[in-house]
Amino acid sequence: MKPYAVGVDVGGTTVKIGIFSKAGDLFKKWEIPTRTENNGQEILPDIAASIRETLQDNGLSLEQVEGVGIDVPGAVLDSSVVNRAVNLGWGVVPVSTTLSALIDGVRVEVCNDANAAALGEMWKGGGAGFDNIVMVTLGTGVGGGIILGGRILDGAAGAAGEIGHINVNEHESAPCGCGKCGHLEQYASATGIANIAAKKLAEGKKDSSLKQYDEVTAKEVFDEAKKGDALALEIVEEVTDILGRALGIISCVVDPEAFVIGGGVSKAGQIPRRLVGRAPCWSRRWS
Ligand SMILES: [Zn+2]
């Protein structure tokens, strides 16, 4: 009997691991640090050792595990080989075969992290009941996963759905993490929102309660916007306008049933309706 599955989420600073029933019920979850030194060559051995140890501590064994699903912040080919994950220091890494060999041949499947989030949301979350969704993760960066007809859209090099790198501002001179300029990630991620706030505060055109913070975070921008701070509201309007326009463009191409928005920024909550300005003309025309 193999009643369990293991899920692994490899991030730039921590690896989150969970033991689940095959129906998706979480049995145990824990974290280990991501050791990115030496081109991240310790990451997979660390994961294997941690899975073994935790299974043993809970009276379980690898023989009871049907498979391991692992997601990484990078492009993935054939659910098996990672084709560059910059934040992990990885170039081309055959993750399935390498990790499987370290855990007694248990089957390992690999997925891009935003794609894994999209599949998870379709199975158990905000996309449940739909076959066609676009997942957008607003965190340190902006990730995207597209599911059409129940299947992830991979693309030729495993890089489909990289929504964060859509150009939304051709006049931007500051570079995106990818090296090019004016990408969605530079505005709609937590980092982007904080950067916009810092820039507007430095310009000093408006007095703002955001001045009380040494380094303004995205959370503080949303918190102050909810209290009615004019500059914070201006930033929220600008950011959501850019995000809305990008999602509108995606919608024309993909025709999804739903957009699912996740990541830390999605916890911002509602801004009271009375504080939000008039919609710009391009959206008002259709309302
Ligand atoms: Zn970019």
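Along the sequence shown, residues carry numbers from 1. One-based numbering, in listed order, for ligands and for the atoms of each.
- Note that CG of Asp229 is 11.5 Å distant from CG of Asp223, once rounded to the nearest 0.5 Å.
- Draw a line from the Zn ion (ligand 1) to SG of Cys178 and another to SG of Cys176, and the angle between them is 110° (to 10°).
- Between Arg107 and Glu109 the shortest side-chain heavy-atom distance falls below 4.5 Å.
- The hydrophobic clustering, which links ILVMFWY residues whose side-chain heavy atoms are closer than 4.5 Å, places Ile133 and Ile166 apart.
- Distances from the Zn ion (ligand 1) to each N, O or S atom of His183 single out ND1 as the nearest.
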(message) Between Phe20 and Phe27, does the ring-ring contact (aromatic ring centres under 6.0 Å, His included) criterion hold? Intermediate values first, please.
(response) CA-CA 5 Å; Phe20 298 83; Phe27 172 69; 10.0 Å; no

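- Take the N/O/S atoms of His165: the one nearest the Zn ion (ligand 1) is ND1.
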